A.B. asks: 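For reference, the structure I am asking about is given below.
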2 protein chains.
Amino acid sequence: MNPYPPLKALVAFDAAMRTGSFSLAAAELFVTPGAVGQQIQKLEEWLGVALFVRQVRQVQPTEDALGYWKRIQPALAQIADASHRLRDRRNSAVVLSMPPGFATKWFASRMASLLRQHPEIELHLNATPQVIDLERESIDLAIRYFDGQAPELDVTLLLQDESRVYANPRYLAPLDLREPDDVARATLLVTTLQPHWPTWLERYSRLSAARIAAIPRIHFDQSLMAIEAARQGQGLILTSPHLVEAELAEGSLVEAFAHALALTQGYYLVHHGKLPLRPAVATVKQWLIDEAGNSVHVPLGPPS
Amino acid sequence: MNPYPPLKALVAFDAAMRTGSFSLAAAELFVTPGAVGQQIQKLEEWLGVALFVRQVRQVQPTEDALGYWKRIQPALAQIADASHRLRDRRNSAVVLSMPPGFATKWFASRMASLLRQHPEIELHLNATPQVIDLERESIDLAIRYFDGQAPELDVTLLLQDESRVYANPRYLAPLDLREPDDVARATLLVTTLQPHWPTWLERYSRLSAARIAAIPRIHFDQSLMAIEAARQGQGLILTSPHLVEAELAEGSLVEAFAHALALTQGYYLVHHGKLPLRPAVATVKQWLIDEAGNSVHVPLGPPS
DNA sequence: TTCATGGCGTAGAAAATCTATTGCATGGCG
DNA sequence: CGCCATGCAATAGATTTTCTACGCCATGAA
């Protein structure tokens, strides 16, 4: 009925075969020799086969034992190995999920510093636009762009988001934008998922709905592509300063207006709230919080 | 330190993965669902990895669980298979050891009947002249040619041995042997291991030592070869009637004298005396005893 | 000869495993 | 729309398994 022998006994058997002695096997397993003897006796009973010939002061494996050992030894090794890997990986590995735009524009440049500070951590980055099931996919930490409302999860605000207007300075120069109304002369680069242009225009400009509707637009379904278009001087982009840090630093984008649009959304760090985090995961979490804290917005002001 | 996860838990895990449900797994293992849940929880703790996402009324394996299962499943199957084989073989198989001469001359002709009567038995015949270690070589039953003195072993007399004189009738005819003294005119086929000719001659003939020493002899170190030589009319053989049954039946050998030499040796059935015999072994033992009981000596008398 | 070694056997202690039960959330069914 | 059946979690207590402690024995070395 039950296809498995007493598995604990197999471990004792393996140790006894390797060491050639119940006593040595017992020492290896941190038990008394008697325990090993009993385990092997139980295995012999279950199999209906003598595995060792007991002689005085020593045991000798039978033919059957040798053959059996040859078969089960690799199986045990396989189990030990697979278990070790999983266990080990989970001790040092951290699986981190975030949206691709954030990964590229904010995280990528900082990742090197994380790995330098914590070389023992094996980082698995999962950059996907979908919101994925943390548990199902064994995600340790995720950065999500949302409003922070998620009971059941442990949620920490990393970066409160805001929207600012950026453009390539060579694109801006001829336009000579001085106040929000002037955007009517520009092209708007619109990201489908963060359609904040209407809000911005309503708040800061005095343009009529008709004139707003007449402004040329190019639509993108990913922030990444919109940012790239802006960098190449295709128009004005209204996006998060966190996503254009590199472009601001290299000067390929500059802020066109000082008018920021506050948003309820932000980049939040989330993880399951039940179990305590493994040390490696806690390390990464803290590092992310620290990095985000240092990543303060330095407004560049309008082009000089 | 310990490379193995709780192995019992692996069995539960495997069942749960296969069935996709703790309850079904529990039914398969003949335990309560709670037991399965606890085992899996223990495994998850040991690995430091969640294996199932508990949802309402169902569980779903994580990615880690799938990967882990893929690795340990073959290992478990290997253990089950190796154990099953050993166990199964030992249930139906019987390893029987005997001297090669006895195997060929007495056992071979009867073996078919044994297998016919007990088709469920898988018989392993080990015909070797050496006396081998029953336990070390996992021999269930052995037939040994000796005097039956073996404490520690369970010993049953199968056939008390005796030595009788046989020859090919065409070899005998011209010699016209009428009484033991007449063997001086013949050639003696001598088996090194059973050197009973001197005893026979001393007991039944009145020949002097010098005349006995003058009789031509051919020496063989195996009974088999001496018997074959006798069959081909090379001389007189002094051997056990049990070994020449077939030749007597076909008439290629006949008994030359009615004088039998009783021996202290015989064919004994031996096995370790500690454990009770497995049913298959007991069956073969009884069959051997019965066969030996029926195998009565039918003296053919001198050639007519 | 004596001693140390390494196995066996047994009884009882310790640990593990299982059962029994309750509670909960939910999906199917009337 | 309410009710019931399902499947898992959590706990405590019972049961089974496993380990230790200890004495015994045979042997080979000092």
Side-chain angles (χ1 to χ4, degrees), chain A residues 1-2 4-47 50-62 65 133 135-136 151-152 272-275, chain B residues 1-2 4-47 49-62 65 133 135-136 151-152 272-276:
Chain A
M1 197 66 93
N2 169 18
Y4 299 109
L7 293 175
K8 211 160 205 169
L10 283 190
V11 177
F13 170 62
D14 175 57
M17 288 300 280
R18 267 188 294 102
T19 61
S21 146
F22 288 5
S23 298
L24 292 180
E28 195 178 287
L29 302 174
F30 303 106
V31 295
T32 53
V36 173
Q38 286 173 39
Q39 287 299 321
I40 288 178
Q41 204 169 316
K42 179 176 304 178
L43 182 58
E44 287 178 318
E45 260 165 41
W46 191 88
L47 289 170
L51 295 171
F52 290 93
V53 181
R54 275 75 164 177
Q55 288 159 337
V56 178
R57 289 169 52 85
Q58 70 174 348
V59 289
Q60 197 164 15
T62 62
D133 183 336
E135 310 213 51
R136 180 68 185 69
E152 305 272 322
H272 57 76
K274 309 166 200 166
L275 301 143
Chain B
M1 198 67 91
N2 168 20
Y4 298 109
L7 292 174
K8 209 160 206 171
L10 283 189
V11 177
F13 171 63
D14 176 57
M17 287 299 281
R18 268 187 294 101
T19 60
S21 145
F22 288 5
S23 299
L24 292 179
E28 193 179 288
L29 302 173
F30 303 106
V31 295
T32 54
V36 173
Q38 287 174 49
Q39 288 298 320
I40 287 177
Q41 204 169 316
K42 181 176 304 179
L43 181 59
E44 289 177 317
E45 263 165 41
W46 190 89
L47 289 170
V49 168
L51 295 171
F52 290 93
V53 180
R54 275 75 165 177
Q55 288 159 336
V56 179
R57 288 169 52 89
Q58 71 175 346
V59 288
Q60 196 164 17
T62 62
D133 183 336
E135 310 213 52
R136 178 71 185 66
E152 308 272 319
H272 60 249
K274 309 165 200 169
L275 301 144

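The structure displayed is predicted, hence computed values, not measured ones. Sequence lines set the chain letters: A, B, ... in the order given, protein chains first and strands last, and positions in each chain run from 1. The basis for the numbers below is simple: all heavy atoms, side chains too, and nothing from hydrogens, waters or symmetry mates.
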A.B. asks: Taking CD from B/Gln60 and P from D/dC8, how many angstroms apart are they, rounded to a whole number?
C.D. replies: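 One finds 13 Å between P of D/dC8 and CD of B/Gln60, rounded.
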A.B. asks: So, do A/Leu43 and A/Gln39 sit near enough that their side-chain heavy atoms are less than 4.5 Å apart?
C.D. replies: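 With C-beta onward as the side chain, the pair stays apart.
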A.B. asks: Once you round it to whole Å, what is the distance between P of D/dT17 and CH2 of A/Trp46?
C.D. replies: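 The answer, rounded to whole Å, is 15 Å.
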A.B. asks: Would you kindly compare B/Thr32 and A/Gly20 by the position of their nearest DNA chain C nucleotide and give the one closer to the 5′ end?
C.D. replies: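 Result: A/Gly20.
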A.B. asks: Calculate the interatomic distance between B/Gln39 atom CD and D/dT17 atom C1'; express it in whole Å.
C.D. replies: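 Computing the B/Gln39:CD to D/dT17:C1' distance gives 13 Å.
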A.B. asks: With sequence neighbours left out, write down each residue that passes salt bridge (charged side-chain N to carboxylate O under 4.0 Å, His left out) with A/Arg18, or none if nothing qualifies.
C.D. replies: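 With sequence neighbours excluded, A/Arg18 shows a salt bridge (charged side-chain N to carboxylate O under 4.0 Å, His left out) to A/Asp14, A/Glu28, given in chain and number order.
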A.B. asks: Between P on D/dT17 and CD on A/Gln41, what's the gap in Å once rounded to a whole number?
C.D. replies: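 My rounded result for the distance is 15 Å.
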A.B. asks: In whole angstrom, what separates A/Phe30's CZ from C/dA15's C1'?
C.D. replies: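 Result: 18 Å.
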A.B. asks: Roughly how far apart are A/Tyr4 OH and A/Leu10 CG, rounded to 0.5 Å?
C.D. replies: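 If we round to the nearest 0.5 Å, A/Tyr4:OH and A/Leu10:CG are 11.5 Å apart.
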A.B. asks: Starting from C1' on C/dG7, measure out to CZ on A/Phe52 and report it in whole angstrom.
C.D. replies: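 It works out to 12 Å between those atoms.
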A.B. asks: What is the distance, to the nearest angstrom, from the CD atom on B/Gln38 to the C1' atom on D/dT11?
C.D. replies: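 Atom-to-atom, B/Gln38 to D/dT11, this comes out as 9 Å.
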A.B. asks: Who is the Watson-Crick or G-U wobble partner of D/dG13, with both distances under 3.5 Å?
C.D. replies: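 Its partner is C/dC18.
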A.B. asks: Which one, D/dC8, C/dG7, D/dC19, comes nearest to the side chain of A/Ser21?
C.D. replies: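 Given the options D/dC8, C/dG7, D/dC19, the side chain of A/Ser21 is closest to C/dG7.
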A.B. asks: How close do B/Leu51 and B/Ala65 get, counting heavy atoms only, and between which atoms?
C.D. replies: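 Minimum heavy-atom separation between B/Leu51 and B/Ala65: O-CB, 3.1 Å.
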A.B. asks: The side chain of B/Phe22 is closest to which nucleotide in this list: D/dC19, D/dA9, C/dC18?
C.D. replies: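 The nucleotide sitting nearest to the side chain is D/dA9.
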A.B. asks: Rounded to whole Å, how long is the line connecting atom CD of B/Gln58 with atom P of D/dA9?
C.D. replies: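 Distance, rounded to whole Å: 12 Å.
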A.B. asks: Closest to the B/Lys42 side chain: C/dT19, C/dA16, C/dC8?
C.D. replies: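 The answer is C/dA16, which lies nearest to the side chain.
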A.B. asks: Which nucleotide wins on minimum distance to the side chain of B/Val31, given the candidates D/dC8, C/dC18, D/dC19?
C.D. replies: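 Shortest atom-to-atom distance from the side chain points to C/dC18.
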A.B. asks: Does any non-hydrogen side-chain atom of B/Phe52 lie less than 4.5 Å from one of B/Met17?
C.D. replies: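 The answer is yes; the side chains approach within 4.5 Å.
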A.B. asks: Nearest to the side chain of B/Arg54, heavy atoms from C-beta on, is which of D/dC19, C/dT19, D/dA9?
C.D. replies: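 Shortest atom-to-atom distance from the side chain points to D/dA9.
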